[in-house]
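Below is one structure; the comments refer to it alone.
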Protein chains: 2
Amino acid sequence: MDKEYEILDSFIRFRGLRHTPQREMILRVFLSVEGHLSVEELHALAKKHDRSIGYTTVYRTMKLLSESGLADKVEFGDGIPRYEHKYNHRHHDHFVCVKCGKCFEVAHAGIEKLQETLARERDFTPLWHTMQVFGLCKDCRGIEIKLQ
Amino acid sequence: MDKEYEILDSFIRFRGLRHTPQREMILRVFLSVEGHLSVEELHALAKKHDRSIGYTTVYRTMKLLSESGLADKVEFGDGIPRYEHKYNHRHHDHFVCVKCGKCFEVAHAGIEKLQETLARERDFTPLWHTMQVFGLCKDCRGIEIKLQ
DNA sequence: ATCATTATTGAAAAACGTTTTCAATATAAC
DNA sequence: GTTATATTGAAAACGTTTTTCAATAATGAT
Ligand SMILES: [Mn+2]
Ligand SMILES: [Mn+2]
Ligand SMILES: [Zn+2]
Ligand SMILES: [Zn+2]
């Protein structure tokens, strides 16, 4: 249940860092929301628990969560990186609607396998990948057609 | 041969813009290098032809080249967007070595088709996509193994 | 519990790539 | 040539992220 806190704690100890209430709180806030959140959004949420929490601390902590494997930073091409849960969440790609910004998560073993094959053919060792499909969701495509 | 200049010219006329030596020179510089170049690199090259060319003009012109379909902006996760040729270059994905930065271009119809299928299943109209595989190239994997 | 060591914090400043502003200039149409 | 206005380059502004720094807090040893 609280496996994520254990992971952060052992990562902190392993690196000779220190456990702080700020770090624990930011992890709690991060875990409380399923989705893709910017540092600004995370800081706003964190402030509800500790009005004096600093923007810098959120930046630093999210970097820590990434390094410990709890969070993943994703970029959807609008210049605002967002974080999503990584622990107990399998890898997936993103379909982003360029009209409304909605984001669909897609996991497909075939694509992963194909990437492995292409990499192997080029004597390239894949470590991770990102794939984003930009387009129009059902709702926004309708609007698009009406407008034209 | 000079189809690219025609494309830019008609795009400029279509939008009620003006033909300038700066725009023509930046296009020339851009076309002269096959690869992925940052605005900084393009500006440095442009300066060899016109010492007084402004950074801002390169930014503005590369945006124009993108809009006219001559250039494509790509991001490899290091925070530095780069531009590559788009005209007469078919779509491809990127395999980026995280050690040396080398970038391999991979075009594969199967992946494109798979993406189409996944999109259709979700009632999503794909417009474009980006796929990047990060990992170690042949040379850098060797070093990695030796170091461990 | 006290102490010493040093990691962490939050505010401010700096850094970074990019965009906006603006006055001077260049382009294109008449 | 005249006019209208798009373009230019420098500087300033911008938005996000990182760095700096003095105060504070966490940890381990005594
Ligand atoms: Mn996701
Ligand atoms: Mn390419
Ligand atoms: Zn939509
Ligand atoms: Zn390499």
Side-chain angles (χ1 to χ4, degrees), chain A residues 5 8-30 36-68 71-83, chain B residues 5 8-30 36-68 71-83:
Chain A
Y5 295 89
L8 181 59
D9 260 20
S10 30
F11 184 77
I12 279 174
R13 247 170 318 195
F14 173 72
R15 287 248 292 236
L17 307 178
R18 289 172 186 178
H19 180 99
T20 69
Q22 287 95 333
R23 283 173 174 162
E24 191 177 321
M25 184 268 280
I26 291 169
L27 173 57
R28 179 150 45 93
V29 164
F30 171 65
H36 308 96
L37 276 81
S38 65
V39 171
E40 191 174 356
E41 289 166 332
L42 286 164
H43 180 238
L45 290 174
K47 266 196 153 173
K48 294 187 180 174
H49 294 81
D50 173 0
R51 294 158 120 302
S52 69
I53 190 81
Y55 218 91
T56 318
T57 302
V58 179
Y59 266 102
R60 290 191 277 229
T61 303
M62 291 317 296
K63 194 177 173 187
L64 210 63
L65 297 190
S66 289
E67 289 166 348
S68 67
D72 226 358
K73 200 185 197 175
V74 294
E75 301 237 27
F76 294 156
D78 64 352
I80 300 166
R82 285 160 232 267
Y83 287 94
Chain B
Y5 296 88
L8 181 59
D9 261 21
S10 31
F11 184 77
I12 279 175
R13 247 170 316 197
F14 173 72
R15 287 248 291 235
L17 308 178
R18 289 173 186 178
H19 179 98
T20 69
Q22 287 95 334
R23 283 175 176 163
E24 191 176 321
M25 184 270 280
I26 291 169
L27 174 56
R28 181 151 43 93
V29 164
F30 171 65
H36 308 95
L37 276 81
S38 65
V39 171
E40 191 174 356
E41 290 165 333
L42 287 164
H43 181 238
L45 291 173
K47 266 198 154 172
K48 295 187 179 174
H49 295 81
D50 174 0
R51 291 158 121 303
S52 69
I53 191 80
Y55 217 93
T56 318
T57 303
V58 180
Y59 266 104
R60 288 190 278 227
T61 303
M62 291 316 297
K63 195 177 174 186
L64 210 61
L65 296 190
S66 289
E67 288 167 347
S68 66
D72 226 358
K73 198 183 198 177
V74 294
E75 300 236 28
F76 294 156
D78 63 354
I80 301 166
R82 285 160 232 266
Y83 286 95

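Just so we're on the same page: letters track the sequence lines, and every chain starts at 1. All figures in this text were calculated on a predicted structure; none of them were measured in a lab.
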Q) Say you draw a straight line from OG of A/Ser68 to CG of A/Leu17; how long is it, rounded to the nearest 0.5 Å? A)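 Taking OG in A/Ser68 and CG in A/Leu17, the distance rounds to 10.5 Å.
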Q) At what distance, to the nearest 0.5 angstrom, does CE of A/Met25 lie from CZ of A/Arg28? A) 7.0 Å
What integer distance in Å separates [X]:[atom1] from [N]:[atom2]?
X       : N      : atom1 : atom2 : value
A/Tyr59 : D/dT20 : OH    : P     : 18 Å
A/Ile12 : C/dT9  : CD1   : P     : 9 Å
A/His19 : D/dT24 : NE2   : C1'   : 17 Å
B/Leu64 : D/dA6  : CG    : C1'   : 12 Å
B/Arg15 : C/dA28 : CZ    : C1'   : 18 Å
B/Glu24 : D/dT7  : CD    : P     : 15 Å
B/Asp78 : D/dT18 : CG    : P     : 13 Å
A/Met62 : D/dT16 : CE    : P     : 17 Å

N or O in side chain of [X] less than 4.0 angstrom from [N] OP1/OP2:
X       : N      : answer
B/Arg13 : C/dA28 : no
B/Arg18 : C/dA26 : no
B/Thr56 : D/dT8  : no
B/Thr20 : D/dT8  : yes

Q) Going through the distances and angles, do A/Leu65 and A/Met62 end up as a side chain to side chain contact (heavy atoms under 4.5 Å, CB included)? A) CA-CA 5 Å; A/Leu65 297 190; A/Met62 291 317 296; 3.9 Å; yes
Q.
Is there, by distance only and without an angle test, a donor paired with an acceptor across the side chain of B/Arg60 and the base of D/dT8 below 3.5 Å?
A. no
Base, sugar-phosphate, or nothing: which does [X] touch, judged by heavy atoms less than 4.0 Å apart?
X       : result
A/Gly16 : sugar-phosphate
B/Glu40 : nothing
B/Ile53 : sugar-phosphate

Q) If you pin B/Lys63 and A/Arg23 to their nearest nucleotides in DNA chain C, which one's is more 5'? A)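 Comparing both residues, the 5'-ward one is A/Arg23.
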**Q.** Closest nucleotide among C/dT9, C/dT27, D/dT8 to the B/Pro21 side chain
**A.**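 Per side-chain heavy atoms of B/Pro21, the pick is C/dT27.
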(Q) Both B/Leu17 and B/Tyr55 contact DNA chain D. Taking the nearest nucleotide for each, which residue is further toward the 5' end? (A) B/Leu17
Q: May I ask you to test the B/Ile80-B/Glu40 pair for a side-chain heavy-atom distance under 4.5 Å?
A: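 Heavy-atom side-chain distance check fails, nothing below 4.5 Å.
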Q) Just wondering, do B/Phe30 and B/Leu42 contact through their side chains at under 4.5 Å, heavy atoms? A)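 Touching, per the 4.5 Å side-chain cut-off.
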